[in-house]
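Just so we're on the same page: letters track the sequence lines, and every chain starts at 1.
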Amino acid sequence: MRDVLPGLLVALPLLGAALVPLLAALSRRTTRVPALALHAAILAAALGLFGSVAAAGPIRYAVGGWPGPWGIELWFDGLSTLIAVLVAGIACFAAFAQTFGPGRDEAAPASTPLREGLLRGALLLLVGGLLGIVATRDVFNLFVFLEISSLAAYTLVASGGGRATVAAFRYLLAGTAAGSLYLFGVGFLYALTGTLNMDDLAARLPSVEADAALTVAVVLIAVGLSIKAALFPLHGWLPDTYVYSPTPTAGFIAAVMAKVSAYALLRLLGEVLAGTAAGAVVLDITLWLGVAGVVAGGILAVAQRAITRMLAWSSISAMGMILIGVGMGSALAITGALFHMAAHALAKGCLFFGAGGIRASRRGDDVEGWAGLGARAPWTLAALTVAALSMIGIPPTAGFFSKYYLLSASITTGGPAGIAAFAAIILSSLLATVYFLRVLEAVWFRTPGDAPDASGDSAGRQPVPVLPRPLAVPVVALAVLVLLTGIFARPFERHVLPDWESGTARITAEAP
Amino acid sequence: MTIYAFAAALFTLGIAGMALLPNLLRKLLAMNVMQVAVIVFFVSLAFKDGATVPILGQGGAPRAAEFMNPLPHTLMLTAIVVSVSTTGLALGLLVRIRSRFRTLNEQRLLDRLR
């Protein structure tokens, strides 16, 4: 199993992305079953790798039998398998919502089997690209996967039609600028070291003279990936993209897209470039920008009236929090950052699936439209409440533990940076309390006004559910996962941390 | 050295164009300029005075000093493919945007979105 799973994890979604649209074009029938089966298989492969790495240690896989540093290697440790499971798992929910959901805003063109097949292919391509970024050990290969996932994401965002196409185009400009900056930086690294393999780079960089070229390389790579990770103030593409995307896409992109780039940033800055002087300075800057992003994202979230836009700004705050952890760089801080990636992905996926669905079924996106919903759909709204409490950081939800780790890490880091990080995390919880309680109060304690309600009881039609079932299932499942992740926080910590430490130890051991 | 300065200037020009030009199509053209700058950088990286293409079999043992590095060039084949597909997708989006909103002016589009 350990010999085939690494290759399968990346090959399955990419093959599926080609086959599903082809099948749809040839058969002119729905491609529901093959697409969902593929997503399930990808999740099974990710879980298999996760278990295998937990049981028998990290896996190095040489693509096509060409060993590194000449060939492309895939590398799986506790860190990458965790993110892979997260991506593959939330992709299953997105595929479920995409397949059975209403998913379609009035602006989108009519649905045909071919169009559906193409969009399913795009989702598989996005998953393949993200899993490739997670797995690859080659910096140029990472660029290719970055662009594959981005192209698929632009397509999925634009499939919303109307305003979503404008959001997708602006996302494309930002994403391509980010990719080109990163590629430029990789060029500098290649010129300095003659290698593209991450382990080889980490081994050779300490002997490279620290000059302007190395600094430029580090800065270009950091800025490129920071745009993708929506690090404040490079977050401009994020709000419109999240708000105007069709709901299944918004739930998936909001959950994992920026986080996978933050993971790449962690790999490159924390592992490959860690030995360079410029890398250390850039990590410090990342920390301070993270602090700024946490505060700015929180304040702007409070200022929003539309709920989806509020959630988008809250994501910018959360990405800041993750990058604070990356910037602090201690083992505890990395645990916090990773835990926050998982906690926030589950909670934000849940909230975006829910908010998008409610926006579509009730034709409204503001707090007033949510008034009294708790009485009408107690289960789904309870699930959304769990996710909101996790965003605030109330135990025993996952969000509490990520903030707990990050706060402990900021105390051990100390100094002005540690104090700023500590203050920013506390402030973010207070701000999240403000903007989520406003919604929760309306949901549970207010009665619905005479808003244009889609329930249609007076007209004698069937009452429209608050949240259609294809979206309610992911929402409830993700909320349960938020709780479980919080309850099983300790085993999680033990799974990821030793691998990260052995990962860095391995590199120093291989260095000449 | 001059060629690197040229690539950097081209890159800056592209980024500036993407940020400052008002029309989405012009932004896309500026994006292409930026992508070409990276390609120029990689291709010139491999250049060596007096070296030739790395093809074996002209007698004698191959000596690395006589060959240009083929790797950056092959990398750029992939980068060009990426650039072409991004441009294609972007043009498709522009057609959609133009037919729906009747303008490609970014400010006017953003006013319509709000």
Need one label for L24(B): side chain, backbone, both or neither, based on atoms under 4.5 Å from any heavy atom in chain A.
both
Report, as yes or no, whether the 6.0 Å neighbourhood of atom CZ on F6(B) holds more than 12 heavy atoms from other residues, nucleotides or ligands.
no
Specify which of V82(B), L45(B), T86(B) makes the most heavy-atom pairs with chain A at under 4.5 Å.
T86(B)
side-chain hydrogen bond (donor to acceptor under 3.5 Å, both in side chains) involving E73(A) - partner list, sequence neighbours excluded:
R60(A), N197(A)
Heavy-atom proximity to chain A below 4.5 Å, by part of S85(B):
both
Only pairs at least two apart or in different chains count here, so list each salt bridge (Lys or Arg N to Asp or Glu O under 4.0 Å) that has a residue in residues 69-87 of chain B.
none
Counting only non-hydrogen atoms closer than 4.5 Å, does L109(B) touch chain A with its backbone (N, CA, C, O), its side chain (CB onward), both, or neither?
side chain
When Y154(A), Y190(A), F140(A), F143(A) are compared by non-hydrogen pairs under 4.5 Å with chain B, the top option:
F140(A)
Name every donor-acceptor pair, under 3.5 Å, that has one atom in a side chain of residues 119-127 of chain A and the other anywhere in the protein, sequence neighbours excluded.
residue, atom, partner, partner atom, Å
R120(A), NH1, T31(A), OG1, 2.9

Residues of residues 169-185 of chain A under 4.5 Å from chain B (heavy atom pairs)?
F169(A), R170(A), L172(A), L173(A), T176(A), A177(A), S180(A), L181(A), L183(A), F184(A)
At a heavy-atom distance under 4.5 Å, which candidate from V186(A), T165(A), I148(A) has the highest pair count against chain B?
T165(A)
Close side-chain approach of V166(A) to L93(B), heavy-atom, < 4.5 Å:
no
Under 4.5 Å heavy-atom distance to chain B, tell me which part of V144(A) shows up: side chain, backbone, both or neither.
side chain
From CG (L89(B)) to CG (L151(A)), nearest 0.5 Å:
6.0 Å
For the ring pair F188(A) and F41(B), is the centre-to-centre distance below 6.0 Å?
yes
